[in-house]
Amino acid sequence: MRRQAVLAGVLLLAGCATGPSLENRGAVTAPPGDSKHLTVGSAGFTESDLLAQMYALLLKQAGYKTSMLTVANRELYEPALESGQIDVVPEYAATFADWLNAKKHGADAPPVGSPDLTATMKALRSLATPRGLTVLDPGRAVDQNAFAVTGRYARQHRLKNLSDLGASGLKVRLAAGDECVERPYCEPGLKKTYGIDITAVDPKGVGTTQAKQAVQSGRDQMVLTTTTDATLGEFGLVLLADDKHLQNADYIVPVVNRSRAGSEGVTKALGRLNDVLTTADLASMNQQVDNRRRLPQDVARAWLKEKGLLK
């Protein structure tokens, strides 16, 4: 049933993706709207589902009726957000800024997302506003690229951060995606920013089981994953801190359709997460869904109640 709903949503949104954006319909200057029935979008992976469920629960508590729509493709859900078929969606500041920038200026446009959160948010809002979108304030939670080694390897070489690894002079074979060899946050950045001696990139994907097993077995020394990866402990892995801030500021931000959900009521309801939700919280909730097979809505509700955000 859930798959059928998702497919129906994708077909519906595919039809609207080629229509005129709010940018071209003069709706940008419309005052912030306050529709009492809001559609919350999810990108279809665990973390996005959890965030969407939290948004929906907080909005319901604030007096809004909500429905959920899963569309696992930004090329479809972003135009739907502009048109008002989706009213609010969780996004990642730097990634979304770069995506909107490429949409406006072309795939080869220089990135506008950066490790600087303030600069990233300024660029993101300047791109989102003409499209009728409002980007709400980021909180504490961030889902960035990150690098992990085994706990034993870290103890043996006294490694706490990536600078320690660079200073050690150790030769490192890195388990990551194919694109790592050219992405500035990956092999080139590790070499330039930290002086890490990357001898090869083992193309096993970002944070995959195979990539983690390669490091666990000693075939590789480090793996590219994310800061909210909840399975590192199962493989005996620990993150090395990005102490020189190589990674972009992918803080979690709610993005809303201004004409339908740009009101103070929506901003206040979703803003309750800002000082409470942490990166560690997200990793823990991801683990409960992915490893313990709990439903995202149950995990989201339990966490909100535990933190006093939901009655």
Side-chain angles (χ1 to χ4, degrees), residues 1-3 5-6 40-58 68-73 89-92 95 139-155 159-160 174-177 180 202-242 247 250-252 273 276-310:
M1 181 65 69
R2 182 172 182 271
R3 177 178 175 142
V6 172
V40 181
S42 165
F45 57 93
T46 296
E47 188 168 288
S48 187
D49 287 344
L50 283 164
L51 289 164
Q53 290 290 343
M54 284 190 277
Y55 289 2
L57 288 166
L58 289 171
M68 305 287 294
L69 183 60
T70 298
V71 186
N73 187 320
V89 69
E91 263 293 356
Y92 300 88
T95 295
R140 300 166 61 191
V142 58
D143 189 352
Q144 295 170 304
N145 292 302
F147 297 91
V149 299
T150 64
R152 182 177 60 182
Y153 185 83
R155 291 189 298 272
L159 307 176
K160 292 184 178 181
L174 175 63
C180 179
D202 189 3
K204 284 186 162 43
V206 179
T208 63
T209 296
Q210 293 79 6
K212 293 169 189 171
Q213 288 174 337
V215 177
Q216 183 184 41
S217 69
R219 170 183 169 85
D220 299 332
Q221 288 71 51
M222 189 163 68
V223 59
L224 170 62
T225 182
T226 65
T227 52
T228 59
D229 189 330
T231 66
L232 294 177
E234 298 175 22
F235 299 90
L237 303 177
V238 295
L239 293 178
L240 295 181
D242 179 22
Q247 303 305 320
D250 259 331
Y251 284 75
I252 291 159
L273 285 174
V276 184
L277 181 64
T278 67
T279 303
D281 288 331
L282 271 181
S284 175
M285 286 188 275
N286 285 338
Q287 183 180 43
Q288 292 178 59
V289 175
D290 291 337
N291 296 353
R292 294 166 55 188
R293 298 296 186 262
R294 295 185 63 194
L295 294 175
Q297 56 264 43
D298 293 340
V299 174
R301 184 183 298 274
W303 182 86
L304 288 171
K305 286 186 174 182
E306 177 190 343
K307 299 298 182 179
L309 298 177
L310 197 67

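Computed from a predicted structure; not experimentally measured. Throughout, numbering of the chain's residues begins at 1 and tracks the sequence.
The shortest distance between side-chain heavy atoms of Tyr55 and Val89 does not fall below 4.5 Å. Within the 4.5 Å cutoff, no side-chain heavy atoms of Arg294 are placed close to those of Gln287. Residues Leu277 and Met54 meet the side-chain proximity criterion, which asks for heavy atoms closer than 4.5 Å.
Remark: Thr227 OG1 to Phe147 CZ distance equals 12.0 Å, nearest 0.5 Å. Rounding to the nearest 0.5 Å gives a distance of 6.0 Å between CG of Leu224 and SG of Cys180. Atom CG of residue Asp220 and atom CD of residue Gln213 lie 11.5 Å apart, to the nearest 0.5 angstrom. For the atom pair CG (Leu309) and CH2 (Trp303), the distance works out to 5.5 Å, reported to the nearest 0.5 Å. In this structure, Leu232 CG and Thr225 OG1 are separated by 5.0 Å, a value rounded to the nearest 0.5 Å.
Considering all non-hydrogen atoms of both residues, Gln221 and Val215 come closest at O-CG1, 3.7 Å.
In terms of modelled atom types and a separation under 3.5 Å, the side chain of Ser217 and the main chain of Ala214 share a donor-acceptor contact. Panel note: side chain Thr231, backbone Glu234; no donor-acceptor pair is recorded below 3.5 Å. Checked by atom type and distance alone, the side chain of Lys160 never pairs as donor or acceptor with a backbone atom of Leu240 at under 3.5 Å. Thr279 places a side-chain N or O within 3.5 Å of a backbone atom of Val142 that can act as its donor or acceptor partner. With Asp250 contributing its side chain and Thr95 its backbone, the two residues share a donor-acceptor pair below 3.5 Å. For the pair Thr228 (side chain) and Ala283 (backbone), a donor-acceptor distance under 3.5 Å is absent.
Judged purely by distance below 3.5 Å, without hydrogens or angles, the side chains of Thr46 and Asn286 never pair a donor atom with an acceptor atom. Tyr251 and Glu91 share no donor-acceptor pair across their side chains, judged by distance under 3.5 Å alone.
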*Asp229 vs Lys212, salt bridge (charged side-chain N to carboxylate O under 4.0 Å, His left out): CA-CA, chis, key distance, verdict*: CA-CA 11 Å; Asp229 189 330; Lys212 293 169 189 171; 2.7 Å; yes

